[in-house]
2 protein chains.
Amino acid sequence: MARTTDTDLAPHELRILVAVADAGGFSAGAVTLGLTQSAVSRSVRGSERKIGAVLFERGRNGARPTAAGEQAVAHARRVLRLLDVLVAEARGSVRSDAAREPEGPLRIAAFRSSALHLLPAVLQRLRERHPGIEPQVRIVRELGRGTAGEVADGRADLAIATLDGARLPAGLVVHGLFEESYSLVYPAGHPAPRALPLVDWAENCGSYTRAWWGAQDWIPGATIEAEDDGAVLTLVGGGHGMAIMPALSLVGAPDSVEITDLGPKRPTRRVGYVTTPELAGSAVVRALVRELRATSSAV
Amino acid sequence: MARTTDTDLAPHELRILVAVADAGGFSAGAVTLGLTQSAVSRSVRGSERKIGAVLFERGRNGARPTAAGEQAVAHARRVLRLLDVLVAEARGSVRSDAAREPEGPLRIAAFRSSALHLLPAVLQRLRERHPGIEPQVRIVRELGRGTAGEVADGRADLAIATLDGARLPAGLVVHGLFEESYSLVYPAGHPAPRALPLVDWAENCGSYTRAWWGAQDWIPGATIEAEDDGAVLTLVGGGHGMAIMPALSLVGAPDSVEITDLGPKRPTRRVGYVTTPELAGSAVVRALVRELRATSSAV
DNA sequence: CCCGATCCATGAGCCGTACTCATACCCCGA
DNA sequence: TCGGGGTATGAGTACGGCTCATGGATCGGG
């Protein structure tokens, strides 16, 4: 005798859950999937009945996941990804059992400076060795849950992240790659850089420089807030201030800025990668990690 | 415009793949699912078309998975399990946001001595703390791919395994729990135990004792092959031989045997657990691992 | 050698379900 | 009170998956 209620969620139902969560509403989710709002509404109700819990709180403007909904959506992303891997690997294993080339899309979330100054070399090596892999880099600001959050939510397969203890990506795989130092940057030839206003940007307000500043006997007179590290560098180059910036942001800095070491007690930050446990073993992620490590150890 | 070919496998299709692989044929798989052979045939063809690879070799009596089929079936089991976990955890998170009780089945593959002498204490603690979890222990001989193979193939959620480097469970999560020593066991009061025949059992032919034997200046005169470590202990207790056995197999050994340490260069083996990346983060597996570690560190 | 047994494949038809369209509902702000 | 975001729901349609029945291959035994 078959179970009276079919309890498992079909892939398209999972996709709908994810789309609704991402889009923030049934109607919006419907358009991203090319479906009708009606279909989405029915599907979500069906999923909720199967699970036995309300997954979305319907409100005036859109729908927001409940606690159970958050759970379900996060899991749904993983199931969908695992299904992709299933198909890709089974498809791949048709050619040769042992030495099979990793191939397929690889979604990378990276913070700005890593995407500009670390990833290009990595991806070039990756492309040379595994032309079948199609990396997709998305620049994500290292704010809030940061790049690791993209992985946690299933929107990326691997994140290049700064590893401060604050962000705790429970249940994710985290590995350090290298530690980089912060340096003082100021307009080339400026006689008294410390008198200049400090140029900072949102992502840099982390725990790294706080402690260092606390130990200094001088504080900057004024502070300028810039959009990102690139803008900071431009401002400093234009003579509008000085900044404390990590090495990655200073790769390829123009001649108009001068960089000086901050001495043995300078602030540092660790850069590493974050991925999900189930992807850590997949061929594509393994290939990328190998190149990441190789490139990073050369830095 | 929708994708012209629907590429994802529905749960029932995955279940059919698993059933066919388990039953060894389309017809046999059909009866285990309560379906028609016709339905199974169509479904498998559909899955093969979606994946783009032949998954089963149809033969005279039954069907056997191809290389791609093995891959697909192992993945299918894992996807199905992950779907179960999705539903269970989302259902569980309906009661309270923070303190949510893990619940649901938890399939454990363990080798004999660990199931007899390690797991009972672990499962008792687990039951006390998480009464909603339903552990199912299956004893698997540590031969071939061993208990870890059960996890790799999706037939168990967690394996208690001996961690010799030989078995390489690529893509799985492996953690050590403790290291245990081998001891010499012989009939109590026997004057010359080394003159007795060596009693051994199939699973013990691992790499652990090999090296040690090579360094010894004596070799046993005869060897008796027993079914498992329990039988070995009985034979030794009956005065029919002596044996080299790991500590777990010697828990609760009868008074009729005497155990002596083999000195500082005695052989040892590592015992640990193996699980899949996607389950490593699930509440049920996490709960079990916690008790495993707690119990093991007390050993 | 043919016969039956035992597999899988395939054609025809039924039925559930997942979609669309259209409409109803609900709540808020102007 | 009405309009404009949202979601829910009724009616009708299309497709996919199921069963039944049959066909085709392959082997072992009288």
**Q** Out of B/Arg155, B/Arg141, B/Arg107, which residue meets the salt bridge (charged side-chain N to carboxylate O under 4.0 Å, His left out) rule with B/Glu150?
**A**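 Filter result, single survivor: B/Arg155.
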**Q** Got a sec, which residues hit salt bridge (charged side-chain N to carboxylate O under 4.0 Å, His left out) with A/Glu57, two or more places apart in sequence or on another chain?
**A**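 Listed in chain order: nothing, the list is empty.
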**Q** Not counting sequence neighbours, list each pair that qualifies as a side chain to side chain donor-acceptor pair (under 3.5 Å) and has a residue in residues 73-82 of chain B.
**A**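 Applying side chain to side chain donor-acceptor pair (under 3.5 Å) to every pair that reaches into residues 73-82 of chain B, excluding sequence neighbours, yields B/Asp22-B/Arg77, B/Arg78-B/Glu278, B/Arg81-B/Asp157.
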**Q** Taking only residues two or more places apart in sequence, or in another chain, which ones meet B/Arg290 in a side-chain hydrogen bond (donor to acceptor under 3.5 Å, both in side chains)?
**A**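 B/Arg290: no side-chain hydrogen bond (donor to acceptor under 3.5 Å, both in side chains) contacts found.
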**Q** Can you measure A/Leu9 atom CG to C/dA18 atom C1' for me and round it to whole angstrom units?
**A**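 Taking atom C1' of C/dA18 as the reference, CG of A/Leu9 is at 15 Å.
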**Q** Which residues in residues 16-30 of chain A have a heavy atom closer than 4.0 Å to any atom of DNA chain C?
**A**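 Hits under 4.0 Å, by residue number: none.
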**Q** Inspect the surroundings of CZ in A/Arg58 and state if more than 12 heavy atoms from other residues, nucleotides or ligands are less than 6.0 Å away.
**A**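 More than 12 within 6.0 Å, yes.
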**Q** Could you list the residues that satisfy salt bridge (charged side-chain N to carboxylate O under 4.0 Å, His left out) with B/Glu70, not counting sequence neighbours?
**A**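 Here no residue qualifies.
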**Q** Partners of B/Arg127 by side-chain hydrogen bond (donor to acceptor under 3.5 Å, both in side chains), sequence neighbours excluded?
**A**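 side-chain hydrogen bond (donor to acceptor under 3.5 Å, both in side chains) check on B/Arg127 returns nothing, list empty.
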**Q** Can you identify which nucleotide, out of C/dT10, C/dC19, D/dC18, has its nearest atom closest to the A/Leu35 side chain?
**A**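 So the side chain of A/Leu35 is nearest to C/dC19.
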**Q** For B/Glu48 and C/dC8, give me the distance from atom CD to atom P, rounded to whole Å.
**A**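 Answer to the nearest Å: 12 Å.
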**Q** Can you name the residues that form a ring pair (Phe, Tyr, Trp, His ring centres under 6.0 Å) with B/Tyr273, not counting sequence neighbours?
**A**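 Once residues adjacent in sequence are excluded, the partners of B/Tyr273 under the ring pair (Phe, Tyr, Trp, His ring centres under 6.0 Å) criterion are B/His175.
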**Q** Detail all sub-3.5 Å separations between protein N/O atoms and N/O atoms belonging to nucleotides 14-16 of chain D.
**A**
none

**Q** Where the side chain of B/Arg58 is defined as all heavy atoms beyond and including C-beta, which of C/dA12, D/dA11, C/dA9 is the nearest nucleotide?
**A**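 That would be C/dA9.
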**Q** According to salt bridge (charged side-chain N to carboxylate O under 4.0 Å, His left out), who are the partners of B/Arg129, at least two apart in sequence or on a separate chain?
**A**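 In terms of salt bridge (charged side-chain N to carboxylate O under 4.0 Å, His left out), with neighbours along the sequence ignored, B/Arg129 is linked to B/Glu291.
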**Q** Without decimals, in angstroms, what is the distance between B/Arg42 CZ and C/dA9 P?
**A**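 It is 11 Å, rounded to the nearest whole Å.
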**Q** Going by atom type alone, with no hydrogens or angles, which donor-acceptor pairs under 3.5 Å involve a side-chain atom of residues 24-37 of chain B and a protein atom two or more places apart or on another chain?
**A**
from: B/Thr32; atom 1: OG1; to: B/Gly29; atom 2: O; distance (Å): 2.9

**Q** If you restrict it to nitrogen or oxygen atoms, what contacts under 3.5 Å exist between nucleotides 22-30 of chain C and the protein, and what is each distance?
**A**
from: C/dC27; atom 1: O3'; to: A/Arg60; atom 2: NE; distance (Å): 3.4

**Q** Counting any heavy atom closer than 4.0 Å, what does B/Gly46 reach on the DNA or RNA strands: base, sugar-phosphate only, or nothing?
**A**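 The answer is nothing, as B/Gly46 stays clear of every strand by at least 4.0 Å.
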**Q** Can you list the residues that meet the salt bridge (charged side-chain N to carboxylate O under 4.0 Å, His left out) rule with B/Asp84, with sequence neighbours excluded?
**A**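 Testing B/Asp84 for salt bridge (charged side-chain N to carboxylate O under 4.0 Å, His left out), a comparison that skips the adjacent residues, returns none.
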**Q** Quick one: which of C/dC19, C/dT10, D/dA8 gets closest to the side chain of B/Arg45?
**A**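 The answer is C/dT10, which lies nearest to the side chain.
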